[in-house]
Amino acid sequence: MTFQDMVNRAKQRWQQRQNPGKPLVLVNMGTSALFAGARRVKDAFAEACREAGVDVEFRTVGGYGFSFLEPQLDIVKPGRPRIMYGPLTPETARELAKSYLVDDDPRPDLAFVAFGDEPFRGIPCTAQHPLFTKQKRLTMELAGTVTPDDIDDYLANGGYAGLAKALTMDPGEVIDWVTKAGLRGCGGAAFPTGVKWSFNRAPAEEKYFLCNADEGNAGTFKDRLLMEGVPHQLVEGMIIGAYAQRIPYGYIYIRDEYPLAAHLVSEAIKQAYEYGLLGENILGSGYSFHLGVKEGAGAYLCGEESAMIASVEGSRGMPRARPPFPAQAGVWLKPTTVNNVETISNVPNILRNGWEAYAAIGTEKSKGVRVLTLSGACDRPGGYEVPFGMTFRELIVDLAGGDPAKIKAVQMGGPATDIRPIDYILDLPIALDELRPHDTGIGSGGFVLIPHSTSIPELVKYLAEFLRDESCGKCFPCRYGTQRQFELLEWICQRAGTPLDIRELEKLMPTLQYGSLCGHGQVAHQPVKYALLHFRDEFDALLAR
Amino acid sequence: MAKVRADAKPITLTVDGIDVTVPEGTTVLDAAKEAGIFIPYLCAHPALRPWGACRMCMVEIENARGVPTACNTPVAANMVVHTNTPQVLKLRRNVMELILTEHPIGCLTCHKRDQCGPQETCLRSVAVDFRCVTCPANYRCELQMNCDYVGLDEMAMPVRAKNIPLRKDPLIALDWNLCIVCGRCVRVCDEVRTRSVYAIVDRAGKTMIDTAEGAPLEEAGCIFCGACVDVCPVGAIEERRNRFAGVADSTTESVCQYCSDGCAFRLEQKRGTVIRVGPIWEADVNGGQYCIKGRFGVAEPISSTARLLKPLVRKDGRLVETSWNEALDLVARELAARAGDQIGVIGSVRTTNEASYLLQKLARLVLRTPHIDTTGRLGDAAGLLGMQQVLGVGASTVLHDAISETSCILLAGNNLSHTSPITAMKLLQAVRPQVKVPSNTGYFSYLPDTSVREAPRPKLIVIDPRAIEPTHYADLWLRPKPGTDRVVLGAMLKVILDEGLTTLATSTATVKGVEDLQESLAPFTLDEAERISGVPAEQIAEAARLYATSGPAIAIFGRGLTQQRDGTAAVAALCSLAVLTGNVGKPNAGVLFPVGANNTRGAFDLGLLPEYLPGYEPADSEAARQRLEDAWGGPIAARGGLTLHEQLDAARSKRLTAMYIVGANPAQSAAEGTRVREALEALDFLVVQDLYLTETAKLADVVLPAASFAEQDGTFTNAERRVQRVRKAVSPLGESRPDWEILVELAGRLGSTAFQFVHPIEIFDEIARVSAIHAGMSYDRLDDGPLAWPCLTADDPGAEVLFTDGAAFNLPPLDPPVAGNSPAGYPLLLGLTSSFQHFATGTQTRLVRQYAHFQSEDRVELHPDDAAAAGIADGALATVTTPHGVARLRARVTPEQRVGTAAVTINFPESGVGSLFGPDRDPGAKSPVFKAVPARVSPV
């Protein structure tokens, strides 16, 4: 069967699945929705349908990114637009089943939005809703719409077309496209992906391609959304990336705390093997690639690439000193490339739609889109995919529904980063290089909005404790430094600190930053540093007199 | 520090303004050392791969980002390194301060520090927990030295005590309160020793080293090699004995006196006593690695109260102390009266080459007796003679390092982990399945431009009835019935010849006897071999093919082969295998013969056996005898010397009336235990020269106290044929004297003028004149490192690989296979086995008190099935009966033992294990049979 046949068959099936001739209900079964009670809501809805004698078709999908809306159901009645409902309870779900499916009342009070250009019977439409107009959904396009572990759903929506395209190209040309698209690493360091790939392009019998899905930063969950929403997109990206670097083996390293993602990605890999998209002689191109899932064992630090490499080998997850760099000696001392989930998920898009389209999005120096996750003091926490260049005000106010007056500070992209007063950033663009003069960045893309009621020293103490607990203990500055840093903060929070303790904290900063072996220790001082910079008065108020 | 490839490109860089040129692949740390600049470090170590954890070796490199660590940064051309910029110094001080927040600091902060001198006493200057004298590593501590170097002047951080309870492991004292988690112990145990006993546990501030689940070291798989003790930079891992002995007054480089690996080490001396053994990381043979015996068992026996301090003479049936004059006069008088072939001489496999040489010279020239042998007869003579038959040389044909480069290893009948632990380490390093260790051409070879070599794991074939450690990694494990190895090897030979797997066509060596051999192999069919040995036919065939076709192959044998009834023939068959497959005479291939003791090799080399004169000149060759007589200036004894057991038989029949035994304990170690005592008691005059009052010495008329190896100069020759210098570290204990000195004195009293030696160096010079294979050696050359014989001229580097220029080999035919028949009522086959901490008869190792933790009596080892059949539980007493004798031993029930076999250790005199073995002899080497003796066990 040729690739085109595969796509045609998938499209046919997709058409049937989209128009089952009865109400179609998309059930968001992402991890956060499950925690919110999605299963109970779905059961209640199904029971109500059964009682009312209405035949409905359920389809499981991943999270749409709207965490605030969960538990969430999307209902498509034949001939009607798709309407997004949430957050529901079993009771409201039962009511909804009765009113919309039996009485044909779409219940605008329970609905959030209707897909389409026109408002539908009092329900706002997506064309006018900021949550849809402000987003630029590329990698998240299919999340919440397709069944994650159904390869046909993905194929019918343009999936694996990027791979098919890549296989017709020279591997060097693929790297070239990715470079020209301006794709940068989405794990935090924002290293140009194409450049990274070019380090590992020398052919070798044994090389490895690792996908870093050990997303552990508090407040960041973009990789989970992508893996639970469109796992096939990640698999496709892995194959394209491996092809570009002529790598024969790959692993997707998924953290222990993401069992659903690990399951879905594993299923996706299995299906890709069945369709001949993985394994020997992919789509008749003569290129072979083997891909597997490696589940982590619960160490946050394995998100550091060399620690991940150690973990893949079965060793204790501790970083290794560089040089040698992974591109020289990674897994089993073989050349290895490590990329983040979101980075890889962007690749199929670039191949499918061309690098020009991707490079056209964003600012001059920051190209494309990023999935940013927001939580904390806002009305609409969730994951939003936005183009570079949008301001933080749009992100926080328009998308997340936060009120700047109620927000004291923003924790920028992970626990080991900047804590910044909200006024500082509201009018800055979301970007990479453009933020550098302002001494801040978007890190791994997780933003925690901190309300006025939160004590900054307490928050910093909490972060320092987290950073200490997750230090692997290998290098001396980090092992001892994070411990001492936490103890000093604990003192201060117990109102036992003196200005001398602040001085000691400041002395620790260069030791951690320059002395530490890996990125964890090198940034472990940052929350303290910026908190002291911007909120020194709060610390001073706690010092013993 | 780093072993980098010799052919690497030279790179020039600048360190602190000094230009230095080093080979490519060197690290900045080593380059700085080369330039004479010290960079502090705590986690790096010469024996280990870089780790980059302590961050003390931070430097600034122009045009490089941040402060890279010197230990893992490779040099580059025109690199400019600054090791002491203000930033670097400040960061180092900060890191040091952090380390000291969790490490006791009494030794650094005590206000009496500068007045305290060697810091040996403490008058309560600081709190008990932090007192310098409570740390065993005080003044031997790398952290202390680094801290002094870094110059910490202020500690503002609060200090935390860890309060981790102490552990109670034998030999090694672990105090995690002093640990700085540098990971050296974890890495050396894994990377070098392949044991992985330690691991880093927990995270963050609680990160610590421990065994799995905190298990005792023994249960965690520790072999007590002491590598962790040697790499530990602080006092966390210390040798338990003499832990607080402090810094040595002086150290002396010498060579271990136990097995034939011949590991070089440092003897640390304080006030005339050897307090401990320290590593020599650059040592050619062992690279700073040791075993339980060499690391923990050397110092204690030297200063033991069991040492003989004065000569003893038997008066009224009791041994009483006397003066040297009286004792030597008596010996001279008695021996002179019996000169000729009434005297038997049994030499030692433990004394120096110089003493061995003098002893045989005394016997042949002065006592004029040809009856010279050593206890090497009990295990190694069959190996020597078997190899001589085929190869013409009875020693390892390559250095044991070849194990790590070869493609196939055939290990036949040698429990290497016990008998030659460092050779075992090299074997396990090579065969254990892992790809993380880079090639041994240098541990930085994985850096750019020095290509990654995935060390091709050599194939491993083990022929052993016992489940010895290497069987875990064996590609093929043949488990024959004891005593049938010759049949298995014969069948392998037949497969190789029948299938045309030989390299005879391309061989440059002359090989004789192939047709006769092939003809004699006709009855060695696979089926017959399976019937006799119990090894499946297809396994034998596969082993033969694997050995013949894998590429360069190494064959290793040991006492499992040589102590059998047809040991000599089995060794010859093994050598024939090597010759036929072209595995002799090229690098990374050969036959290894790890002999029993530290200087068995030297005793053989220097003619301390009836078959050979010094340098392997046949004892019955007229030309050789003439040459020796010319050199010595006098007639030497007639031909026809008796071997060890023949001498004992002759003593019983009164053909021999006197014996001179040096450093040997046949009363315990020889077969026919009780009859050996009879023989020694039947003598009119018995002299024993030893360090201790052994079972044999107790029977003597005169006992001469000898000095230990640490108390004299000399040389040992290890199994690889490498001659190494032994140096005097301390003065002889009491009135004991070095063996060579006693022999010189005695020869003088016997009226000989050919023993005018005042120092071993003169004896060695004579050895070089007499023995052709030692001709090019001298103490001067040996001071630069070991030399392997044959070393023919003063500029000959020594032959690390034998037969490289072609050679003549002679393949002897094999006698037809015979199945052994046990007499009725003896269901088991009994053999001697070894224990990992005791050496030979345990005369010295029993003096190491902490070894009692592992074993305090001899034992019989049984398979669970046999134990159950006999009704014997693990740890119960059992009676072992053979047709020759009975012994009562505690049983150890272990599946390591093959079903239908039993094994006994021979480390304790009271057990009388020697009496279990009978008068059977290997016809080749006339050595006793210690394997496959019919036996039964019953509960007591």
Side-chain angles (χ1 to χ4, degrees), chain A residues 204-206 299-301 306 310 313-325 327-329 332-335 465-484 486-488 491 500-501 503-504 507-518 521-522, chain B residues 27 42-43 49-56 58 66-69 71-74 87-88 90-103 156-158 160 180-183 186 190 199-208 434-438 444-449 452-454:
Chain A
E205 227 170 80
E206 200 181 340
Y300 164 81
L301 205 85
S306 65
E313 291 174 3
S315 307
R316 179 181 158 102
M318 291 192 297
R320 293 177 180 166
R322 276 160 275 212
F325 294 91
Q328 301 160 340
W332 310 122
L333 292 180
K334 303 296 176 194
E465 188 177 7
F466 172 82
L467 292 166
R468 176 204 66 175
D469 289 346
E470 299 301 345
S471 162
C472 77
K474 177 173 174 175
C475 80
F476 290 24
C478 177
R479 182 205 312 152
Y480 295 120
T482 53
Q483 175 73 19
R484 296 290 95 79
F486 167 68
E487 284 166 4
L488 289 164
W491 245 307
L500 211 65
D501 294 321
R503 212 196 76 187
E504 284 302 313
K507 198 168 114 191
L508 269 174
M509 288 169 191
T511 317
L512 281 165
Q513 182 178 357
Y514 298 109
S516 296
L517 169 58
C518 81
Q522 285 162 8
Chain B
T27 62
L42 287 167
C43 70
R49 289 157 57 200
W51 177 245
C54 76
R55 319 304 286 174
M56 290 300 290
M58 290 180 283
V67 275
T69 42
C71 67
N72 67 300
T73 306
Q87 186 196 15
V88 162
K90 183 160 175 272
L91 285 172
R92 277 191 200 143
R93 267 200 295 277
N94 288 356
V95 175
M96 183 54 82
E97 182 183 347
L98 284 173
I99 297 171
L100 294 180
T101 56
E102 295 189 12
H103 187 91
M157 290 271 177
R160 295 285 161 113
I180 55 169
V181 201
C182 64
V186 177
D190 176 55
I200 296 177
V201 296
D202 222 321
R203 284 204 299 243
K206 284 179 282 181
T207 312
M208 199 22 78
Q434 51 118 3
V435 291
K436 274 190 281 180
V437 173
F444 296 104
S445 58
Y446 57 87
L447 294 177
D449 298 327
V452 178
R453 189 192 77 139
E454 185 189 338

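Just so it is clear: chains get the letters A, B, ... in the order the sequence lines come, proteins before strands, and each one is counted from 1.
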Heavy-atom closest contact (A321(A) atom, G52(B) atom, distance): CB-CA, 4.0 Å
Is K474(A) reaching over with its side chain to a backbone N or O of W51(B), donor-acceptor style, under 3.5 angstrom? yes
With chain A, the option among T101(B), T69(B), L42(B) that has the most non-hydrogen atom pairs under 4.5 Å is T101(B)
Does K507(A) reach the side chain of E97(B), with side-chain heavy atoms less than 4.5 Å apart? yes
Contacting moiety of C182(B), where chain A heavy atoms sit under 4.5 Å: both
Given the options E470(A), R468(A), R484(A), which has more heavy-atom pairs under 4.5 Å with chain B than any of the others? R484(A)
Do R55(B) side-chain atoms and C475(A) backbone N/O form a donor-acceptor pair below 3.5 Å? no
Using the side-chain contact (heavy atoms from CB on, under 4.5 Å) definition, which of the options T511(A), L508(A), L512(A) pairs with N94(B)? T511(A)
Below 4.5 Å, heavy-atom pairs only: which of E504(A), M318(A), Q483(A) has the largest tally toward chain B? E504(A)
If you compare all heavy atoms of Y514(A) against all heavy atoms of L91(B), which two are closest, and at what distance to 0.1 Å? CB-CD1, 3.8 Å
Taking all atoms of both residues into account, what is the closest heavy-atom pair of M157(B) and L488(A), and its distance? CE-CD1, 4.4 Å
What I'd like to find out is whether the side chain of R320(A) reaches to under 4.5 Å of the side chain of R49(B), using heavy atoms alone. no
Answer yes or no: is there a donor N or O on one side and an acceptor on the other, between the side chain of R479(A) and the main chain of I99(B), under 3.5 Å? no
Option among T207(B), I180(B), V95(B), L100(B) that satisfies the side-chain contact (heavy atoms from CB on, under 4.5 Å) test with Y480(A): I180(B)
Chain A shares the most heavy-atom pairs under 4.5 Å, among Q87(B), E102(B), K90(B), M56(B), with E102(B)
Between V201(B) and chain A, which part of the residue has a heavy atom less than 4.5 Å away: side chain, backbone, both or neither? backbone
Sorted by chain and number, sequence neighbours left out, ring-ring contact (aromatic ring centres under 6.0 Å, His included) with Y300(A) holds for F466(A), H520(A)
Is the closest side-chain heavy-atom distance between R160(B) and E487(A) below 4.5 Å? yes
Locate the shortest heavy-atom distance separating P477(A) from A53(B); write the atom from each residue and the value. CD-O, 4.2 Å
Which answer fits R316(A), side chain, backbone, both or neither, if we ask what part of it has an atom under 4.5 Å from a heavy atom of chain B? side chain
Between the CG atom in D202(B) and the SG atom in C472(A), the distance rounded to the nearest 0.5 Å is 12.0 Å
Say whether, by atom type as modelled, one donor and one acceptor occur between the side chain of N72(B) and the main chain of R322(A) under 3.5 angstrom. yes
